[in-house]
Amino acid sequence: MNKLVKSLLVAAAFSLSAGASSAYAQDEAKSLDQLLELVKENRAASQRINAQREAEFTSARADKQALLNDAKRQLANEKARGERLQAQFAENEIALANKEQELQNALGTLGEIVGVARGAAGETIGRIATSIVSAQYPGREDVLETIAEAKEVPTIAELEELWLAWLTEMKESGRVVTFNSDVTLLDGSTENRDVTRIGVFNLISNGEYFNYNDAAEEIQPLGRQPEGFVLATVEAFENTETGYEGLYIDPARGQILNLATQKATLEERYHQGGTVGYVITVALIVGFLIAIYKFITLGIEGAKMRAQLKNTANPSDKNALGRILKVYQENKTADTENLELKLDEAILRETPRIDSGVNIIKILAAIAPLLGLLGTVVGMIGTFQSITLFGTGDPKIMAGDISMALVTTALGLIAALPLILVHAIVASRAKSIVHVLDEQAAGIVAAHAEKKE
């Protein structure tokens, strides 16, 4: 009996937990009769809930079936429509081919005119669009594009436009015209100014060359202007009001100028020499400074000696000749041999001061080409390293090292040549001063010997 009661209690608890009504779940069964009533009530509630769920599911299933039927009908309609469109497309293709054949038959010999007109218009578009004449007369190629893309016979007006385009280009190629236009500067700003067109070759304004960018239909300055002597002719040409004035033009219609902008300037070439090039420059500067210093000091010394020659009776300590004469005055009583030795000693004391720095210029003149050779070797080592790493596919990778090799060689020779010349001049000045000292000393010794005799 106890086992039966426990089983009923477990079934009732399961029914209460699965039921939808919370009120039944909260009641407590105090006897078997009450428990039985609770079970019956919960069973009836569960049956009502299940019936409601079944009804909802059946209704939803009917709706889903209706949606599925609608989708199938739409699919069938679209398939039928696709078949109709495909058949219509095939019919249209056939009709189009027939019409094209009818068009060809109707054109007859006029078809050749269409081909010639389209070909001529296509060739003309490229020349007209890129011509600097279009900077003054924009939009000339629009009509030509219509002729080049048309399939029908061009009209008389269109053929006249093609003819006028060529005629205008021929006429403007021989004219120098100044017109007002907007110019796009390098910083992106736009400025309205007067632009001079030199035929179909160049555009100039305010002493500079300009290019016509046909893609943007803008007049733009060059990224870098050509050399100064070329720009000088532009300014002179613009300032000329009467007569004739020479001007550099680009017969390639701007291509040569664009290539010239990529050409390295002297400053850029100098910096390609790198550290070795800078060392050569320092050597050249030091050599010139020493040469300038020696020019000044030797010039002053020569002037003092020339003044001393005019007054040999009063020797001065401020010049080499005066000091030599003073040695003679201090040793007048000595014999000829001792006097000659004294004078030679005095000349030997003066010679290092006169020759000081001259040999340094000579050494720098000899070092400069050796430094250039060093730069050449360093540049070639870098070139071979680039070849080892990247191969020879791209010459630009090796260009920097090759430039260094060549530029340092040139810098070494450029520095050596003037240093050799300067050394020769300075050494000649120093030798002339020493020669005057030797000459005066020899004269003094000879005069002294005559007196002794």
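All values derive from a computational prediction rather than experimental measurement.
Here the CG atom belonging to L325 is positioned 8.0 Å from the CG atom belonging to L309, to the nearest 0.5 angstrom. Separating the CD1 atom in I132 from the CD1 atom in I198 is a distance of 8.0 Å, to the nearest 0.5 Å. The CD1 atom of I444 sits 11.0 Å away from atom CD of E439, with the distance rounded to the nearest 0.5 Å. To the nearest 0.5 Å, the span separating CG on L298 from OH on Y293 amounts to 9.0 Å. Taking CD of E218 as the start and OG1 of T190 as the end, the distance is 6.5 Å to the nearest 0.5 Å. Rounding to the nearest 0.5 Å places OH of Y137 at 6.5 Å from CZ of R197.
Judged as a side chain to side chain donor-acceptor pair (under 3.5 Å), and not counting sequence neighbours, the contacts of E169 are S131, R140. Under the side chain to side chain contact (heavy atoms under 4.5 Å, CB included) criterion, E245 pairs with A236, F237, T240, not counting sequence neighbours. Every side chain to side chain contact (heavy atoms under 4.5 Å, CB included) that S356 has, sequence neighbours left out, goes to K294.
For E172 (side chain) and G199 (main-chain N/O), no donor-acceptor pair under 3.5 Å exists by modelled atom type. A donor-acceptor pair is defined here as one N or O able to donate and one able to accept, closer than 3.5 Å; such a pair exists between the side chain of Q308 and the backbone of N314. Counting only distance, with no hydrogens or angles, the side chain of S189 and the backbone of L185 share no donor-acceptor pair below 3.5 Å. At distances below 3.5 Å, at least one donor-acceptor pair connects side-chain atoms of T408 with backbone N or O atoms of A405. Panel note: side chain Q220, backbone Y212; no donor-acceptor pair is recorded below 3.5 Å. Counting only distance, with no hydrogens or angles, the side chain of T178 and the backbone of V195 share no donor-acceptor pair below 3.5 Å. With hydrogens and angles ignored, the 3.5 Å screen pairs no side-chain donor or acceptor of E217 with any backbone N or O of P138.
Side-chain contact between Q136 and V177 is present, with heavy atoms from C-beta onward closer than 4.5 Å. Put simply, the side chain of V407 reaches to within 4.5 Å of the side chain of L411, judged on heavy atoms. In this structure the side chain of Y248 never reaches within 4.5 angstrom of the side chain of N202, judged on heavy atoms.
Within the structure, the salt bridge (Lys or Arg N to Asp or Glu O under 4.0 Å) test picks out the following pairs touching residues 348-377 (sequence neighbours left out): E301-R353, R323-E350, E345-R349, E350-R353.
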Report, one line per pair, each donor and acceptor closer than 3.5 Å where one atom sits in a side chain of residues 75-97; sequence neighbours left out.
unit_1, atom_1, unit_2, atom_2, d
N77, ND2, R73, O, 3.2
N92, ND2, Q88, O, 3.3

List, one per line, each side-chain donor-acceptor pair under 3.5 Å for residues 279-292, sequence neighbours excluded.
unit_1, atom_1, unit_2, atom_2, d
T281, OG1, Y270, OH, 2.8
T281, OG1, G277, O, 2.9

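No more than 12 heavy atoms of other residues, nucleotides or ligands sit less than 6.0 Å from atom CD of E235.
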Side chain to side chain contact (heavy atoms under 4.5 Å, CB included) between L321 and L437, worked out: CA-CA 6 Å; L321 180 59; L437 296 179; 4.1 Å; yes
V183 and F210: CA distance, side-chain angles, deciding distance, side chain to side chain contact (heavy atoms under 4.5 Å, CB included) verdict: CA-CA 9 Å; V183 175; F210 284 76; 3.3 Å; yes
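In summary, the side chains of N180 and N192 do present a donor paired with an acceptor at a separation below 3.5 Å, with no hydrogens or angles considered.
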